[in-house]
Amino acid sequence: MVTRGIFFVMVILFFLSVSAIWGFCTEDYARQTGRACGTCHVNPAGGGMLAAAGESFRDELRVKGLYRPLNPIQHIVRFIIGYLHMVTAVIWFGTILYVHLLLKPAYAARGLPKGELWLGWVSIAIMAVTGTLLTIARVPSWHMFFHTRFGILLLIKISLFLVMVSTATLVTFLIGPKLKKKKELKIQQHKQDLTPEEVAEFDGKEGRPAYVVYHGMVYNVTQSRLWKDGDHAGRHHAGFDLTSLLKQAPHGEEKILSMPLVGKLLTSAQGSGKPLEIKVFYFFAYMNLALVFMIIFVISLWRWW
């Protein structure tokens, strides 16, 4: 379901990217000066060949370092790199949105899954390389970053990206290992009564037991062939409360009640409270979610405002 959704977004993004090729012209100069498009273009409607005034204005931009001409081959290469950059951004941002809005940060707080880690860092690497190449192709001088609308928005976008990379580094190499050690210790203890945060540790991944919650009780579904690796029918995951979800199942509660009982579900207040690592992780998680929307907002200003 998620894969099809991402594919659908990528198709739309592709056509938007292609359509953007036909709209390189900007009316900013006409708005700022009050002059008609025919002042700079041979065609009075704008676009196409430049008139003498247009060529003069273009050459002036070259002297100031605000314009970098590209030959047809360079345009094609830039488009391919830009398309790869956008596709990677969709995958990376889509993963963040899926984990934070649907699975909730508790899913990753159990310990960062290797698959998501690899996807995240490969995406970061591709976006960093392609973004650098696109910047070189579009920005001829540092002056443009601070004296043009395009450059300022690009600088903001790069800064937000670097903040996200910094938080990813801290979570991967500092906070993540600490969470993993605490998680392994809790699993070894096999406590009978658990808080929701502690139940989330028993996700059935990488040899860990698989626990689920039903009507305030915790059940062990590790031995069930229907809960292999903590996943049931590709829709439900161990470590979560299934009370409301069971109404949608084709079977009754007897399937869960037949599983070994672990203990009661405690409220978070009855537990020992979240450790500092968890609090920092949640802060970074929701901050990155906010940064995703900020980057999309900057891109919207950049392209359509």
Identify every side-chain donor-acceptor pair in residues 221-232 under 3.5 Å, counting partners at least two apart or on other chains, and give the distances.
{"unit_1": "Thr222", "atom_1": "OG1", "unit_2": "Ala210", "atom_2": "N", "d": "2.8"}
{"unit_1": "Thr222", "atom_1": "OG1", "unit_2": "Asn220", "atom_2": "OD1", "d": "2.5"}
{"unit_1": "Ser224", "atom_1": "OG", "unit_2": "Leu226", "atom_2": "N", "d": "3.2"}
{"unit_1": "Asp231", "atom_1": "OD2", "unit_2": "Gly234", "atom_2": "N", "d": "3.1"}
{"unit_1": "His232", "atom_1": "ND1", "unit_2": "Leu226", "atom_2": "O", "d": "3.0"}

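- Nearest heavy-atom pair across Cys37 and Pro44 is CB-O, 3.8 Å.
- Taking NZ of Lys157 as the reference point, atom CE of Met294 lies at 13.5 Å (rounded to 0.5 Å).
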Q | His236 and Leu245: CA distance, side-chain angles, deciding distance, side-chain contact (heavy atoms from CB on, under 4.5 Å) verdict | A | CA-CA 9 Å; His236 308 302; Leu245 298 176; 3.6 Å; yes
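- For the pair Tyr214 and Glu253, the minimum side-chain heavy-atom distance is below 4.5 Å.
- With sequence neighbours left out, the side chain to side chain donor-acceptor pair (under 3.5 Å) criterion links Trp142 to no other residue.
- In this structure, the side chains of Ile158 and Phe145 come closer than 4.5 Å at one or more pairs of heavy atoms.
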Q: For Ile256 and Leu246, run side-chain contact (heavy atoms from CB on, under 4.5 Å): C-alpha distance rounded to whole Å, both residues' side-chain angles, the deciding distance at 0.1 Å, then the answer.
A: CA-CA 9 Å; Ile256 293 182; Leu246 194 65; 4.1 Å; yes
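- Here the CZ atom belonging to Phe202 is positioned 14.5 Å from the CZ atom belonging to Phe240, to the nearest 0.5 angstrom.
- Contact of the Lys264 side chain with the Met217 side chain is registered, since non-hydrogen atoms from C-beta on lie closer than 4.5 Å.
- Nearest heavy-atom pair across Met259 and Lys255 is CG-O, 3.6 Å.
- Put simply, the side chain of Met164 does not reach to within 4.5 Å of the side chain of Leu160, judged on heavy atoms.
- Annotation: side chain to side chain donor-acceptor pair (under 3.5 Å) contacts of Tyr219 (sequence neighbours excluded): none.
- Other cluster members for Leu133: Ile73, Val77, Ile81, Val129, Leu134, joined by side-chain heavy-atom distances under 4.5 Å among Ile, Leu, Val, Met, Phe, Trp and Tyr.
- Ser123 contributes atom OG, which lies 10.0 Å from atom CZ of Phe93 (distance to the nearest 0.5 angstrom).
- The distance from atom CG of Leu50 to atom OG1 of Thr39, rounded to the nearest 0.5 Å, is 12.0 Å.
- Listed by chain and residue number, Ile80 satisfy the side-chain contact (heavy atoms from CB on, under 4.5 Å) test with Ile76 (two or more places apart in sequence, or in another chain).
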Q. Given Val213 and Leu242, is the side-chain contact (heavy atoms from CB on, under 4.5 Å) satisfied, shown in steps?
A. CA-CA 6 Å; Val213 176; Leu242 303 181; over 6 Å; no
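- Across Leu266 and Pro196, no two heavy atoms sit closer than the pair O-CD, 3.1 Å.
- Thr132 and Ala128 make their closest contact through OG1-O, 2.7 Å (heavy atoms, listed as atom of the first residue, atom of the second, distance).
- Residues Phe161 and Ile124 share a closest heavy-atom pair of CZ-O, 3.9 Å.
- The side-chain contact (heavy atoms from CB on, under 4.5 Å) test applied to Ser300 returns Ile296, Trp304, not counting sequence neighbours.
- Trp92 CH2 to Asn288 CG: the interatomic distance, rounded to the nearest 0.5 Å, is 7.0 Å.
- Partners of Leu84 according to the side-chain contact (heavy atoms from CB on, under 4.5 Å) rule, which considers only residues two or more places apart in sequence or in another chain, are Thr88, Ile126, Thr130.
- Considering only heavy atoms from C-beta on, Asp203 stays 4.5 Å or farther from His237 through its side chain.
- For Phe150, the ring pair (Phe, Tyr, Trp, His ring centres under 6.0 Å) partners two or more places apart in sequence, or in a different chain, are Trp302.
- Within the model, atoms CD1 of Ile299 and CD1 of Ile156 stand 12.5 Å from one another, a figure rounded to the nearest 0.5 Å.
- Closest approach of Leu265 and Val199 over heavy atoms only: CD1-CG2, 3.8 Å.
- Every residue two or more places apart in sequence or in another chain that forms a side-chain contact (heavy atoms from CB on, under 4.5 Å) with Phe173 is listed here: Trp121, Thr169.
- Within the 4.5 Å cutoff, the side chain of Phe146 has no heavy atoms near those of the Ile152 side chain.
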Q | side-chain contact (heavy atoms from CB on, under 4.5 Å) assessment of Leu291 paired with Tyr286 | A | CA-CA 9 Å; Leu291 290 175; Tyr286 285 110; over 6 Å; no
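- Applying the side chain to side chain donor-acceptor pair (under 3.5 Å) criterion to Ser159, with sequence neighbours excluded, gives no partner residue.
- Thr195 is listed as a side-chain neighbour of Glu198, based on a closest heavy-atom distance under 4.5 Å.
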